[in-house]
Amino acid sequence: MQKAKISLVLLMIFLLIVTAGLYGCADSKTKIGILQIVEHPSLNTIREATIAELAANGFRDGENVIIDYQNAQGDPSNLKTIAQKFVNGKYDLIIAIATPSAQAVVSETEEIPIIFSACTDPVGSGLVDSLEAPGGNVTGTSDAVSAEKIMELALKLTPEIKTIGALYNAGETNSVAVINDLKAFAAANGKEVVEATVTATSEVQQATASLVGRVDAVFIPIDNTVASAMPVVTQIAVEAKLPVYVGADSMVADGGLATYGINYTTLGKETGRMAAQVLKGANPGEMPVKTFEDVEIYLNLDTAAKIGVEIPQAILEQAHVF
Ligand code: TRP
């Protein structure tokens with residue numbers, strides 16, 4: 001009887017050790033949370049390149065790290081819930097793709113390292129105090145582009161532009177930064193800006209339609225809300241023979257006429273490289289925010305043909321075309 005009791009106790013201790021060991025193993029895997037505001041082609045490209053670069057640096061999902069990818073479906077309240085889940089779950093690193101995601105995680109933690117990705121205006125969006133020396137637990141990559149450069153290209157392709165329709169979500173600080181540059185360009189060059197702002201993807205159709213007949217061209221900054229509904233914009237603009245100038249290559253692929261933009265695969269890779277450095281012990285606050293000087297022309301020749309815009313040979317030769 002005594003013997004049976006002792007062996008039962010021994011068995012229980014053994015089971016406890018095994019279970020604790022298993023938990024310990026699961027816990028010892030590094031947890032990486034990826035938070036993305038919405039599914040649109042550019043953000044998906046960035047995420048895939050980031051994950052591939054993490055793997056190339058030895059952090060492979062399901063092997064030695066757990067990558068928990070969560071998408072907020074464009075909903076700010078989802079952003080907060082997911083950010084809190086990552087923080088309460090004591091994740092080792094958070095990668096936040098696009099400005100609204102980055103703002104959500106930055107406001108939840110000052111401890112867990114955060115690598116933000118493709119944030120157009122990290123300082124103006126309150127993510128870091130400076131690009132050179134972010135300080136704290138936050139750094140990342142920025143896709144800052146020049147509204148002036150895009151408009152200079154626009155004036156080469158469609159020189160008769162006098163009035164520019166600005167289509168964007170005024171709640172996206174990444175867009176506001178670029179629109180301020182657009183307004184400065186317009187003021188300096190005698191052009192007029194007409195604004196059509198949205199608060200959600202469902203309003204994009206109406207906002208685009210409101211510009212038809214009132215503007216000579218549409219300008220869309222690197223705006224997540226409009227990018228998610230880009231095919232709708234294209235349909236209306238092509239019908240109205242309105243040139244649409246955009247802030248990113250993916251929106252040209254989706255029917256925008258042209259941009260002067262950066263390469264988002266390169267940006268995604270850089271995000272992954274910075275994340276790997278932090279996982280190896282680097283301090284994010286001491287890593288400068290990475291910006292990209294290499295901008296290239298992207299054109300949609302199908303759209304050009306449909307709206308009757310002829311592309312000068314010299315521009316065509318330097319451009320990536322869709
Ligand atoms: N720059 C955007 C931000 O700061 C994110 C972004 C990356 C984006 N690529 C894009 C938005 C393409 C629209 C289209 O949130």
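Partners of Phe59 by ring-ring contact (aromatic ring centres under 6.0 Å, His included), not counting sequence neighbours: none found. With sequence neighbours left out, Ser228 forms a side chain to side chain donor-acceptor pair (under 3.5 Å) with no residue at all. Annotation: side-chain contact (heavy atoms from CB on, under 4.5 Å) contacts of Thr266 (sequence neighbours excluded): Asn263, Phe292. Evaluation of the ring-ring contact (aromatic ring centres under 6.0 Å, His included) rule for Phe86 yields Tyr91 as partners, not counting sequence neighbours. For Pro159, there are no side-chain contact (heavy atoms from CB on, under 4.5 Å) partners two or more places apart in sequence or in a different chain. Partners of Thr208 under the side chain to side chain donor-acceptor pair (under 3.5 Å) rule, at least two apart in sequence or in another chain, do not exist in this structure. Under the side chain to side chain donor-acceptor pair (under 3.5 Å) criterion, Glu203 pairs with Thr199, not counting sequence neighbours. Residues passing the side chain to side chain donor-acceptor pair (under 3.5 Å) test with Tyr168 are Glu195, sequence neighbours excluded. Considering only residues two or more places apart in sequence or on other chains, Asp121 meets the salt bridge (Lys or Arg N to Asp or Glu O under 4.0 Å) condition with none of them.
Shown here is Asp129, whose CG atom has no more than 12 heavy atoms of other residues, nucleotides or ligands within 6.0 Å. The number of heavy-atom neighbours closer than 6.0 Å to NZ of Lys191, taken from other residues, nucleotides and ligands shown, is above 12. Counting heavy-atom neighbours within 6.0 Å of Gln277 CD, excluding the residue itself, gives a total above 12. Remark: Gln206 CD is loosely packed, at most 12 non-hydrogen atoms of other residues, nucleotides or ligands lying under 6.0 Å away.
Across Ser77 and Asp75, no two heavy atoms sit closer than the pair N-OD1, 2.8 Å. The minimum heavy-atom distance linking Val178 with Pro221 is given by the pair CB-CB, 3.8 Å. The two residues Ile220 and Val218 have their closest heavy-atom pair at CG1-CG1, 4.0 Å. When all heavy atoms of Lys29 and Glu63 are compared, the pair lying nearest together is CE-O, 2.9 Å. Residue Gly247 comes nearest to Tyr264 through the heavy atom pair O-OH, 4.5 Å, listed as atom of the first residue, atom of the second, then distance. When all heavy atoms of Val193 and Ala166 are compared, the pair lying nearest together is CG1-CB, 3.9 Å.
By the rule that hydrophobic residues join a cluster once side-chain heavy atoms approach within less than 4.5 Å of another member, Ile164 and Leu211 end up as members of separate clusters. Leu43 and Val232 end up in different hydrophobic clusters when Ile, Leu, Val, Met, Phe, Trp and Tyr side chains are linked at under 4.5 Å. Both Val244 and Val194 belong to a single network of hydrophobic side chains, linked directly or stepwise wherever heavy atoms of I, L, V, M, F, W or Y lie under 4.5 Å apart. Met251 and Ile150 fall into different hydrophobic clusters, where Ile, Leu, Val, Met, Phe, Trp and Tyr are joined by side-chain heavy atoms under 4.5 Å apart, directly or via other members. In the hydrophobic cluster analysis, where Ile, Leu, Val, Met, Phe, Trp and Tyr join through side-chain heavy atoms closer than 4.5 angstrom, Val123 is grouped together with Ile222.
In terms of modelled atom types and a separation under 3.5 Å, the side chain of Ser142 and the main chain of Cys119 share a donor-acceptor contact. A donor-acceptor distance shorter than 3.5 angstrom exists from the side chain of Thr139 to the backbone of Met287, with no hydrogens or angles considered. Proximity of a side-chain donor or acceptor of Asn57 to a complementary backbone N or O of Arg273 within less than 3.5 Å is not detected. Under a 3.5 Å cut-off, the side chain of Gln36 and the backbone N or O of Arg47 do not form any donor-acceptor pair.
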Passes side-chain contact (heavy atoms from CB on, under 4.5 Å), Thr271 versus Leu267? Steps please. CA-CA 6 Å; Thr271 307; Leu267 178 143; 4.0 Å; yes
Apply the test side chain to side chain donor-acceptor pair (under 3.5 Å) to residues Asn137 and Glu111: give CA-CA distance (whole Å), side-chain angles for both, the deciding distance (0.1 Å), then the verdict. CA-CA 6 Å; Asn137 58 329; Glu111 269 125 51; over 6 Å; no
Would you sort out whether Ile46 and Asp143 count as a side-chain contact (heavy atoms from CB on, under 4.5 Å), showing the intermediate values? CA-CA 11 Å; Ile46 294 167; Asp143 61 353; 6.0 Å; no
Take Leu242 and Ile307 through the test side-chain contact (heavy atoms from CB on, under 4.5 Å) and record every step on the way to the result. CA-CA 7 Å; Leu242 203 52; Ile307 67 175; over 6 Å; no
Thr120 vs Asn174, side chain to side chain donor-acceptor pair (under 3.5 Å): CA-CA, chis, key distance, verdict: CA-CA 5 Å; Thr120 306; Asn174 41 298; 4.7 Å; no
Please lay out, stage by stage, how Asp216 and Glu160 fare under the test side-chain contact (heavy atoms from CB on, under 4.5 Å). CA-CA 8 Å; Asp216 305 312; Glu160 65 283 3; 5.7 Å; no
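Annotation: side-chain hydrogen bond (donor to acceptor under 3.5 Å, both in side chains) contacts involving residues 239-261, sequence neighbours excluded, comprise Thr158-Tyr245. The side-chain hydrogen bond (donor to acceptor under 3.5 Å, both in side chains) analysis of residues 146-157, with sequence neighbours excluded, yields no pairs. Applying the side-chain hydrogen bond (donor to acceptor under 3.5 Å, both in side chains) rule to pairs touching residues 293-311 yields Glu296-His320, Asn300-Thr303, Asp302-Lys306, sequence neighbours excluded.
Inter-residue side-chain proximity for Glu53 and Glu270 is flagged as unmet; no heavy-atom pair is nearer than 4.5 Å.
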